[in-house]
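Just so we're on the same page: letters track the sequence lines, and every chain starts at 1. Both backbone and side-chain heavy atoms feed into the values below; hydrogens, waters and symmetry mates do not. As the structure is a prediction and not an experimental result, all values here were calculated from the model.
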2 protein chains.
Amino acid sequence: MRPKEIKNSLQEKGLKITPQRIVILEAIHRLENHPTAESIIGYIKKAHPNIATGTVYKILNVLVENDLIKRVTTERDIMRYDAVLENHHHLYDKKSDAIRDYFDGELDKLLMSYFEKKKIPNFRIEDIVLEIKGRFKKQ
Amino acid sequence: MRPKEIKNSLQEKGLKITPQRIVILEAIHRLENHPTAESIIGYIKKAHPNIATGTVYKILNVLVENDLIKRVTTERDIMRYDAVLENHHHLYDKKSDAIRDYFDGELDKLLMSYFEKKKIPNFRIEDIVLEIKGRFKKQ
DNA sequence: GTATGTGCAAACTTTTTGCACTTCG
DNA sequence: CGAAGTGCAAAAAGTTTGCACATAC
């Protein structure tokens with residue numbers, strides 16, 4: 001994602017374009033493996049030591065509320081963030097805390113047709129994300 | 001789950017049977033909607049006001065480590081627990097914080113056969129849980 | 001009796017909040 | 001210029017830890 005696109009995405013949501021927001025969005029796009037607030041702060045402070053921790057948290061909440069980033073579901077009590085907005089799934093390593101993205105359009109179609117036939121009573125599905133848990137093999 | 005079964009499940013794991021552990025296991029089985037530590041503590045303290053908060057957290061960790069309960073994945077920084085051990089999926093309400101269980105053996109078979117054909121490179125799948133996000137309809 | 005578990009309070013970690021100051025548009 | 005955003009420090013929220021005492025087996 002280029003700087004121009006980041007600025008546009010903020011503007012489209014009616015958010016002011018500030019250096020802090022740009023830097024945080026860039027960091028989440030750059031950092032692999034669904035960073036925590038802590039790792040985003042660590043990464044950013046190298047280049048921008050004056051940015052405040054509280055500001056990072058506030059901005060992360062604003063970005064989530066405006067659908068510019070997503071929170072990743074985990075079993076832990078720490079929040080992690082994802083810059084990928086297209087529909088995708090997550091691979092969770094059972095031993096390490098690694099989480100990787102998994103894209104599979106064929107699977108998405110399969111699920112869509114499955115749930116078109118089989119409705120869940122009293123529930124309107126908007127979105128399905130698979131938590132695929134297992135182990136990464138050393139390559 | 002009857003008291004006898006709870007005791008057996010602790011015993012099978014080589015854990016000592018204590019009143020605190022029994023009460024906590026009962027609470028998680030009884031409380032709907034995947035309770036937080038806080039709601040478990042609140043529920044328990046009504047009948048057992050002397051049980052310590054720290055003890056509840058320690059016991060929850062022991063129970064998770066011994067596969068007697070599971071942590072539920074959420075986007076929030078609060079841990080929630082699940083007493084249901086059989087394979088199942090979760091329905092997340094986008095507006096409230098409600099999470100309901102969803103059982104679907106047909107879906108499980110479909111996914112199993114799908115991933116038997118289509119392997120994920122460098123990953124060994126152990127378990128698949130669907131996060132089905134949407135809205136509960138008022139009935 | 002001894003290993004294991006509990007109660008309590010303090011510490012720690014992560015996130016939120018309030019308010020004066022600053023900046024974007 | 002005014003609304004929105006930031007920095008800072010304090011507070012809140014959630015969880016863990018250490019240690020003396022208690023209990024299960």
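- The side chain to side chain donor-acceptor pair (under 3.5 Å) pairs that include a residue from residues 40-53 of chain B number zero, where partners must be two or more places apart or lie in different chains.
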| task | Sugar-phosphate means primed atoms, P, OP1 and OP2; the rest is base. With that split, encode nucleotides 12-19 of chain D 5' to 3' as B, S or - using protein heavy atoms under 4.0 Å. | result | --SBBBBB
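- Note: NE2 (A:H48) to C1' (D:dG7) measures 16 Å, nearest angstrom.
- Residues passing the side chain to side chain donor-acceptor pair (under 3.5 Å) test with B:T73, sequence neighbours excluded: A:E131, B:Y92.
- Rounded to the nearest 0.5 Å, atoms CD1 (B:I132) and CZ (B:R100) are 12.5 Å apart.
- Counting only N and O atoms by type, the side chains of A:D101 and A:H89 include no donor and acceptor under 3.5 Å apart.
- Residue pairs meeting the salt bridge (Lys or Arg N to Asp or Glu O under 4.0 Å) criterion with at least one partner in residues 120-129 of chain A, sequence neighbours excluded, are A:R124-A:E126, A:E126-B:K94.
- For the pair B:Q20 CD and C:dC8 P, the computed distance is 11 Å after rounding to whole Å.
- Applying the side-chain contact (heavy atoms from CB on, under 4.5 Å) rule to B:S96 yields the partners B:D93, B:A98; only residues at least two apart in sequence or on another chain are considered.
- Among residues at least two apart or in separate chains, salt bridge (Lys or Arg N to Asp or Glu O under 4.0 Å) pairs with a member in residues 106-121 of chain A are A:E106-B:K118, A:K118-B:D104, A:K118-B:E106.
- Rounded to whole angstrom, the span from the CD1 atom of A:I51 across to the P atom of D:dG5 amounts to 14 Å.
- Summarising the geometry, the separation between CD on B:E65 and C1' on C:dG5 is reported as 14 Å, rounded to the nearest angstrom.
- Between the C1' atom of D:dA4 and the NZ atom of A:K13 lies a distance of 18 Å, rounded to the nearest Å.
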Side-chain donor-acceptor contacts of residues 55-72 of chain A below 3.5 Å, not counting sequence neighbours, with atom names and distances?
from: A:N61; atom 1: OD1; to: A:R71; atom 2: NH1; distance (Å): 3.3
from: A:N61; atom 1: ND2; to: A:Y57; atom 2: O; distance (Å): 3.4
from: A:N66; atom 1: ND2; to: A:V62; atom 2: O; distance (Å): 2.8
from: A:R71; atom 1: NH1; to: A:Y81; atom 2: OH; distance (Å): 3.2

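- Residues near A:V129 contribute nothing to a hydrophobic cluster around it, because no ILVMFWY side-chain heavy atom sits closer than 4.5 Å to its side chain.
- Across the protein-nucleic acid pair, A:I41 atom CD1 and C:dT16 atom P stand 11 Å apart, rounded to whole Å.
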| In B/S/- notation, 5' to 3', how is nucleotides 20-25 of chain C contacted by protein heavy atoms closer than 4.0 Å? | ----BS
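- Computed from coordinates, the B:N50 CG to D:dC21 C1' distance equals 15 Å when rounded to whole Å.
- Each end of the helix from C:dG1-D:dC25 to C:dG25-D:dC1 yields a helix axis from five base pairs, and these two axes differ in direction by 40° (to the nearest 10 degrees).
- For the ring-ring contact (aromatic ring centres under 6.0 Å, His included) test, residues two or more places apart in sequence or in another chain that qualify with B:F123 are A:F136.
- Regarding A:I59, its CD1 atom lies at a distance of 15 Å from the C1' atom of C:dT16, rounded to whole Å.
- Residue B:L85 is found outside any hydrophobic cluster, as its side-chain heavy atoms come under 4.5 Å of no other Ile, Leu, Val, Met, Phe, Trp or Tyr.
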